[in-house]
Engineer: 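Please read through the structure below; I'll follow up with questions.
In this text the structure is predicted, and so the values were computed from the model without any measurement. Letters A, B, ... mirror the listed sequences (proteins, then strands); counts begin at 1.
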Amino acid sequence: MRILQLHCDSIEYTPKKKEIKSAEENVSTETTRLEELVVAFVAVEKDDDSSIAQDAISQIKNSMEKIGCKKLLLYPYAHLSSNLAPPSLAMSLLKEMESLASGLDVSHSPFGWTKSYKVHVKGHPLAESSKVITKKENIPSDETESTDEELTSEALKSESKIKSFWYIMSTDGTMTPMSEFNFSNHEKLEILSKYESAKKRSVDEPPPHVALMKKMAIADYEPASDAGNMRFFPNGRLIKSLIEQYVTSRVKEYGGYEVETPIMYDSHHPSMVSYFNRFPARQYNIDSEGKKLFLRFAACFGQFLMANDFQLSYKNLPYRLYELTRYSFRREQSGELVGLRRLRAFTMPDCHAFCKDLEQSIEEIKIRFDLSQSVLKDLGIEESDYEMAIRFTEEFYNENKKPIQELVKKLGKPVLIEMWKERFFYFVLKWEFNFIDNLGKASALSTDQIDVENGSRYGIEFVDENNVKKNPIILHNSPSGAIERIIFVLLEKAAFDIKQGRKPQFPLWLSPTQVRIVPLKDEFFDICNSLANKISSHNIRVDIDDRNESIGKRIRDAEKEWIRYIIVIGEKEANSDNLSIRDRQAGNVRELSFDDFIKEFEEQTTGKPQTGLNMPRLLSRRPQLMV
RNA sequence: GCCAAUGUAGCUCAGUCUGGCUAGAGCAUUCGACUUGUAAUCGAAAGGUCGUGGGUUCAGAUCCCAUCAUUGGCUCCA
C-alpha cells in the first residue's frame, strides 16, 4: 500500500464520472469541501491485506496525533502505484481503514470515479509525507501486557519498539522490576516511578509557585504574547540573570566554550529535514521571503552546524561547546503549560561534548554528572530534593553495566530505570534528575545523553589515530535544566517551607534585596545612606526603607519580601560603632561591628556572582508591584 | 489539542444559585495627621466597559451562546 499524506488547510473535490464498472454507487456529483484535515491519497497494491490496512491506519493516526489533527479524508488514488490491487479488494481495505479510524473524523472520496480536486497544503515540515506499507514478519509481542485492553492492539503493536521496561536499580547495582520494589523508604522515587509509568494522579489545587512568582514580583503571564511566554519583573530578571551567570561560569570552569547561535533555522536545510523526520516536534514557524523557518527548540542545531565546520582531530577531543539559549521554543500543547514549570519559551544551558569513542564519552559523562549535582547544590537544590532516572537500550546496558552502576552509586540511592528493547531515540543512554514538587509532579532538571546518531547526521567528523575520519559520539548535558525551572523549584521549596511552618527564603546570593536599612526617624536618613554606600561597596544589594511608616510595618514588609538582614538605625546606633542586625534566618537581633557583619555575609556568598540592586535604593521611589 | 472549573477595583475576595436601589470590603495608591525601637498608627479621597463578543429581558456581574486566558485531568515532555 502506498500513501501520500498531506496536512491541508482545505480540499475541494468533485466526482466527474465513473471510471470503472465496479465504481462506488450512489455518489453525489456535488463538490465537497473540507477544512483543517489530513488528506491521505491511498493506492492499494496487489499483496495488501487486512493487516496492512490496520498498520496503515495506525501509522496515519500516529502522525495525525503528532500534528494535532483529527479530521481525515481517505482519497483513493491509483496513480501512486503500478502494481494495483483489484478494485474489489482495494475498496474493502479502504472501507476497513475507514472503520478502524476510531477517534477520528473520517470520510472518503468515491472509489472508481474520476474527480477534479483543489488542495491547499500547509507549509510545515511534517505537512507532507509518503508511506509505503508492506507485510512484515510477525513480531512476537513483548512480555509486558497491556493493561488497557480497549486500545486497538494494532496501534500498540506498531509502538512495541518503544515499549518500556521499568526497573529500580539499587546502589549495589541490582535491578528489581519496578512492581516488585519496596518503596517504603523511597517515597519520592515511588512518586517519580508512578508518574513516569503513567499512573493517574489527581490534584485539584494550582501549583503553589504560581502564586509565589507573582507575589514575590518575579514573573507573570504576558497576555499580549503567546501562552507560555513569561515576563520577568526586575526581581525575577535579577534572580534569573544570576543563575544564568552562575551556571555559565561553572560550565566554563568544566571546560565548555561558550558560543551563540541563531534562534531560527530553515526547515528545508538538509540536516533539519532528517532531524524532523526523526523527531517531530511542535515548533513555532515563521515564514520569511519564501523560507520556512522555525524557532529552535534546543541549542543542538546551532552547535552541531558549527562543529561541522571545525577541523577536529582525536587530539582535540573531548571538545565541549556550550550555549545558554535565551530562548528555546517548544510549542507545547496549551493544556500542558504551567507557571514556570512548563513553558513555550525557556532558557536552557546546553553543553555538548564531542567524544572520540564510547569509552571517552563514558568518562566524560561521569564528570558532567558531578558537575550537575554540584551546580544544583549551589543553586539550593539538594540531593534529597530530586530523584534520578536512567533510560537506556537493552544492548547498551548489557555492554556497559559497570558505568551505569557507577552513576547509581555516585547518587547513593535507588534510581528509576527505563529500558528499551531497541533504540528508538538518537541516544543510547539518558539520565536526568527529577524534582518532585508539592503536588507530586516530577520535573526534569539536569540531564545528559549519549548521542550516537547526530554526529553523522550533521556530518561532524574527526580524524582518529589511524588517519581515519569518524563521527564523534556527542553528549548533551544541561547541568541545571531550564533556568525558569530552577526558579520554579526554589519557589516550590519555599512553598513547602511555608506549609511546614518554616520561613521561606531564597539563597542569600539570589535575594533581590540582601540587606535593608530602616531609619527610625527622618533625621537618621543621612547616616543610613552613607551606611548603604559602605555596604554596597562590598557588592551587597542594600536598600533603605525611607517610607513614612511605623517601624513595625516596615519590619513586617521586609519580612514579607524574605529579606535576610534588616538594620534599624536609631539614636542608639547613631552613637555606636555597632549595628543592630535583625537576622531573619536566625530570628533574632544581634549587635555586630560593620566588619564582622561584612565578613559573615561574604562567607555565605563566596564564589557566587554578584550584581547591584535592580530597583531604586529608596523604597519611597519604588512602584508597588501587585500582580 | 480534548474534558472540567474559574475569570468582579492594581492585589485578595464578597455579590451570581433565586435577574431589580448608586456593584461592596480589606490591602495597595494619593492626601492629611502622627515621628515611630524590630511582623500591620489613625483619618479621608480616588479607584470598576463585572475577561471579551453576541443573545434573551422592561431590566444582565447575575440567565443562554460563542470566544480568550488561567488552573486541574487526559495526552505530551527529543
Side-chain angles (χ1 to χ4, degrees), chain A residues 36 64-70 103 162 195-196 198 200-208 210-211 214-215 217 220-228 275-276 278-283 296-298 300-301 328 330-339 341-344 346 348 350 391 424-427 430 432 434 439 441-444 447 449 451 453-454 476 481-482 485 503 516 518-525 545 547-561 563 565-573 580-584 587-590 622-627:
Chain A
E36 266 309 308
M64 286 179 68
E65 206 165 291
K66 276 170 190 152
I67 54 179
C69 180
K70 294 249 159 190
I162 50 165
Y195 192 80
E196 286 297 319
K200 285 180 194 170
R201 303 191 52 79
S202 79
V203 185
D204 43 9
E205 43 184 321
V210 173
K214 299 180 184 205
K215 211 167 115 195
D220 197 9
Y221 304 106
E222 174 50 77
S225 180
D226 190 29
Y275 203 85
F276 270 132
R278 193 87 171 85
F279 287 114
R282 295 164 190 277
Q283 72 281 326
R296 66 175 172 199
F297 39 87
C300 306
F301 322 112
S328 289
R330 298 184 190 178
R331 231 193 63 244
E332 309 289 7
Q333 296 183 82
S334 54
E336 296 161 7
L337 304 166
V338 204
R341 184 167 96 95
R342 196 91 190 275
L343 298 166
R344 282 183 172 169
F346 54 95
M348 192 74 162
D350 204 346
R391 302 153 203 268
F424 182 76
F425 302 108
Y426 58 68
F427 50 82
K430 171 188 179 181
E432 87 247 339
N434 290 278
L439 307 180
K441 305 203 178 233
S443 309
T447 173
Q449 301 162 3
D451 171 357
E453 201 176 282
N454 283 308
H476 300 231
R485 203 168 258 192
K503 283 184 179 179
R516 171 154 300 166
V518 183
L520 212 49
K521 295 185 193 175
D522 288 348
E523 60 190 88
F524 302 118
F525 177 76
D545 192 346
R547 295 174 304 164
N548 179 14
E549 299 287 354
S550 72
I551 185 73
K553 171 74 171 288
R554 286 181 285 172
I555 298 287
R556 178 179 152 83
D557 284 349
E559 287 277 350
K560 276 168 47 182
E561 284 183 57
I563 295 169
Y565 294 109
I566 304 170
I567 305 177
V568 177
I569 301 291
E571 204 78 44
K572 198 174 85 191
E573 290 74 20
S580 298
I581 294 173
R582 183 186 163 106
D583 181 341
R584 180 167 176 273
N588 56 20
V589 179
R590 283 177 293 153
R622 232 175 246 190
Q624 283 287 322
L625 249 177
M626 301 292 292
V627 284

Engineer: Which whole number of Å gives the distance between the P atom of B/rC17 and that of B/rC27?
Structural biologist: 30 Å
Engineer: Only counting residues at least two apart or in another chain, list the ones meeting side-chain hydrogen bond (donor to acceptor under 3.5 Å, both in side chains) with A/R341.
Structural biologist: A/S443
Engineer: Determine the Euclidean distance between corresponding P atoms of B/rC34 and B/rA40; express it in Å to zero decimal places.
Structural biologist: 22 Å
Engineer: Nearest 0.5 Å please: distance from the CZ atom of A/R344 over to the OG atom of A/S225.
Structural biologist: 10.0 Å
Engineer: Can you check the distance between B/rA39 and B/rA78, where both ends of the measurement are the C1' atom (answer in whole Å)?
Structural biologist: 49 Å
Engineer: If we take the P atom in both B/rA5 and B/rA66, what is their distance in whole Å?
Structural biologist: 13 Å
Engineer: Which nucleotide, B/rU35, B/rC76, B/rA39, lies nearest any side-chain atom of A/R582?
Structural biologist: B/rA39
Engineer: Roughly how many Å is it from CD in A/Q624 to P in B/rC27, rounded to a whole number?
Structural biologist: 14 Å
Engineer: Are A/F297 and A/S328 close enough, and set up right, to give a side-chain contact (heavy atoms from CB on, under 4.5 Å), and what steps lead you there?
Structural biologist: CA-CA 5 Å; A/F297 39 87; A/S328 289; 5.6 Å; no
Engineer: Quick one: salt bridge (Lys or Arg N to Asp or Glu O under 4.0 Å) partners of A/D583, sequence neighbours excluded?
Structural biologist: A/R564, A/R590
Engineer: Which atom pairs link the protein and nucleotides 44-51 of chain B when you take only N or O atoms and keep those under 3.5 Å?
Structural biologist:
none

Engineer: Under 4.0 angstrom, heavy atoms only, what part of the nucleic acid is A/E573 near: base, sugar-phosphate, or nothing?
Structural biologist: base
Engineer: Quick one: look up who B/rA44 pairs with, Watson-Crick or G-U, both distances under 3.5 Å, and put none if it's unpaired.
Structural biologist: B/rU30
Engineer: From NZ of A/K70 over to C1' of B/rC76, roughly how many Å is that when rounded to an integer?
Structural biologist: 13 Å
Engineer: Any N/O pairs under 3.5 Å between the protein and nucleotides 68-70 of chain B? List them or say none.
Structural biologist:
from   : atom 1 : to     : atom 2 : distance (Å)
B/rU70 : O3'    : A/Y221 : OH     : 3.0

Engineer: For A/K560, what residues pass the salt bridge (Lys or Arg N to Asp or Glu O under 4.0 Å) criterion, not counting sequence neighbours?
Structural biologist: none
Engineer: Taking side chain to side chain contact (heavy atoms under 4.5 Å, CB included) as the definition, give me every residue that meets it alongside A/R622, ordered by chain and number, with sequence neighbours left out.
Structural biologist: A/T513, A/R516, A/D543, A/E561, A/L613, A/M615, A/P616, A/L619
Engineer: Report the base-pairing partner of B/rA61 (Watson-Crick or G-U wobble, both distances below 3.5 angstrom), or none.
Structural biologist: none
Engineer: What distance separates A/N454 CG from A/Q449 CD, expressed to the nearest 0.5 Å?
Structural biologist: 9.5 Å
Engineer: Under the side chain to side chain contact (heavy atoms under 4.5 Å, CB included) test, which residues partner A/S580, sequence neighbours left out?
Structural biologist: A/K572, A/E573, A/V589, A/E591
Engineer: How many whole angstroms separate atom CG of A/D545 from atom P of B/rU38?
Structural biologist: 16 Å
Engineer: A/Q333 has an atom CD; how far is it from atom P of B/rC3, in whole Å?
Structural biologist: 13 Å
Engineer: Rounded to whole Å, please give me the gap between CG in A/D583 and P in B/rA39.
Structural biologist: 14 Å
Engineer: For the P atoms, the ones on B/rC50 and on B/rC63, what distance do you get once it is rounded to whole angstrom?
Structural biologist: 15 Å
Engineer: Applying side-chain hydrogen bond (donor to acceptor under 3.5 Å, both in side chains), can you list everything that pairs with A/E559, at least two apart in sequence or on another chain?
Structural biologist: A/R582, A/R584
Engineer: Rounded to whole angstroms, how far apart are CD1 on A/I566 and P on B/rU36?
Structural biologist: 20 Å
Engineer: Please identify each residue that fulfils side-chain hydrogen bond (donor to acceptor under 3.5 Å, both in side chains) with A/R342, with sequence neighbours left out.
Structural biologist: A/E332
Engineer: What is the distance, to the nearest angstrom, from the CZ atom on A/R342 to the P atom on B/rG72?
Structural biologist: 12 Å
Engineer: Who passes side chain to side chain contact (heavy atoms under 4.5 Å, CB included) against A/E571, sequence neighbours left out?
Structural biologist: A/F524, A/N575
Engineer: Counting only Watson-Crick or G-U wobble pairs whose two distances fall under 3.5 Å, which nucleotide matches B/rU36?
Structural biologist: none
Engineer: Could you measure between the two C1' atoms, the one in B/rA4 and the one in B/rC11, and give it in whole Å?
Structural biologist: 27 Å
Engineer: Could you give the distance separating B/rG47 and B/rG1 at their P atoms, to the nearest angstrom?
Structural biologist: 39 Å
Engineer: Would you indicate what A/S443 reaches in the nucleic acid, counting non-hydrogen atoms under 4.0 angstrom: base, sugar-phosphate, or nothing?
Structural biologist: nothing
Engineer: What nitrogen or oxygen pairs link the protein and nucleotides 40-43 of chain B at under 3.5 Å?
Structural biologist:
from   : atom 1 : to     : atom 2 : distance (Å)
B/rA40 : N9     : A/R556 : NE     : 3.3
B/rA40 : N7     : A/R556 : NE     : 3.3
B/rA40 : N7     : A/R556 : NH1    : 3.0
B/rA40 : N7     : A/R556 : NH2    : 3.4
B/rA40 : N6     : A/R556 : NH2    : 2.6
B/rA40 : N1     : A/R556 : NH2    : 2.8
B/rU41 : OP1    : A/S550 : OG     : 3.3
B/rU41 : OP2    : A/S550 : OG     : 2.6

Engineer: Taking the nucleotide of RNA chain B with the closest heavy atom to each, which residue, A/L520 or A/K430, is nearer the 5' end?
Structural biologist: A/L520
Engineer: State which of B/rG1, B/rU38, B/rG72 makes the closest approach to the side chain of A/V338.
Structural biologist: B/rG72
Engineer: Roughly how far, to the nearest 0.5 Å, is CG of A/D226 from CG of A/L343?
Structural biologist: 11.5 Å
Engineer: For atom P, what is the distance between B/rA61 and B/rU75, given to the nearest Å?
Structural biologist: 41 Å
Engineer: Which base sits across from B/rA5 as a Watson-Crick or G-U pair, both distances under 3.5 Å?
Structural biologist: B/rU70
Engineer: Taking the side chain from A/E222 and the backbone from A/A224, do they hold a donor-acceptor pair closer than 3.5 Å?
Structural biologist: yes
Engineer: Both A/Q449 and A/P519 contact RNA chain B. Taking the nearest nucleotide for each, which residue is further toward the 5' end?
Structural biologist: A/P519
Engineer: Once side chain to side chain contact (heavy atoms under 4.5 Å, CB included) is applied, do any residues pair with A/E549, and if so which ones, sequence neighbours excluded?
Structural biologist: A/R547, A/K553, A/R554
Engineer: Would you mind reading off the distance between A/R344 atom CZ and B/rC76 atom C1', rounded to a whole angstrom?
Structural biologist: 12 Å
